[in-house]
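Data block below; observations after.
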Amino acid sequence: MRFLIVLIIVLLLAVAWWPEPPVPAVEDTFIGPQLEPLNKAKGFEQDYLEGLDKRKEQMEKQADGG
């Protein structure tokens with residue numbers, strides 16, 4: 001009976017201290033190829049927003065006194 005209790009304790013400790021496998025990056029999983037268009041869209045969105053800001057500044061300059 002003592003052997004069984006010691007064995008259970010040893011097994012519980014082994015499971016508790018067992019190192020977890022590293023989590024793979026999202027790009028390395030099956031969804032990685034689907035993220036490529038999203039990453040390209042981020043760059044496009046940034047360029048578009050910068051263009052809007054420049055256009056807004058131009059409009060403000062023209063409205064203030066040309």
Side-chain angles (χ1 to χ4, degrees):
M1 185 69 177
R2 288 182 192 168
F3 176 73
L4 186 60
I5 293 173
V6 170
L7 182 64
I8 291 173
I9 291 173
V10 168
L11 288 175
L12 287 174
L13 289 174
V15 169
W17 289 338
W18 195 267
E20 294 184 20
V23 178
V26 175
E27 290 81 13
D28 297 337
T29 62
F30 68 94
I31 202 165
Q34 298 172 6
L35 292 176
E36 291 174 9
L38 288 176
N39 291 335
K40 289 180 184 177
K42 284 181 185 177
F44 175 76
E45 179 186 19
Q46 187 64 29
D47 292 342
Y48 179 74
L49 291 175
E50 288 174 3
L52 284 178
D53 289 339
K54 288 179 183 177
R55 180 70 179 148
K56 183 179 175 183
E57 289 174 7
Q58 289 175 352
M59 290 176 65
E60 287 176 356
K61 286 180 183 178
Q62 289 176 356
D64 285 342

Connected-component partners of Leu52 among ILVMFWY, side-chain separation under 4.5 Å: Tyr48, Leu49
By side-chain hydrogen bond (donor to acceptor under 3.5 Å, both in side chains) - contacts of Glu45 (at least two apart): none
Intermediate values then yes/no, side chain to side chain contact (heavy atoms under 4.5 Å, CB included), Asn39 and Lys42: CA-CA 5 Å; Asn39 291 335; Lys42 284 181 185 177; 4.0 Å; yes
Residues forming a side-chain hydrogen bond (donor to acceptor under 3.5 Å, both in side chains) with Glu60, sequence neighbours excluded: none
Side-chain cluster (under 4.5 Å, hydrophobic types only) that Val15 belongs to, other residues: none
Rounded distance [0.5 Å steps], CG in Asp53 versus CD in Gln58: 11.5 Å
ILVMFWY cluster, Val10 and Trp17 together (side-chain gap under 4.5 Å): no
Identified side chain to side chain contact (heavy atoms under 4.5 Å, CB included) counterpart of Ile9 within the set Leu7, Val6, Leu13: Leu13
Contacts of type side-chain contact (heavy atoms from CB on, under 4.5 Å), residue Glu57, not counting sequence neighbours: none
For Ile8, the rest of its hydrophobic cluster, which grows through side-chain links under 4.5 angstrom: Leu4, Leu12
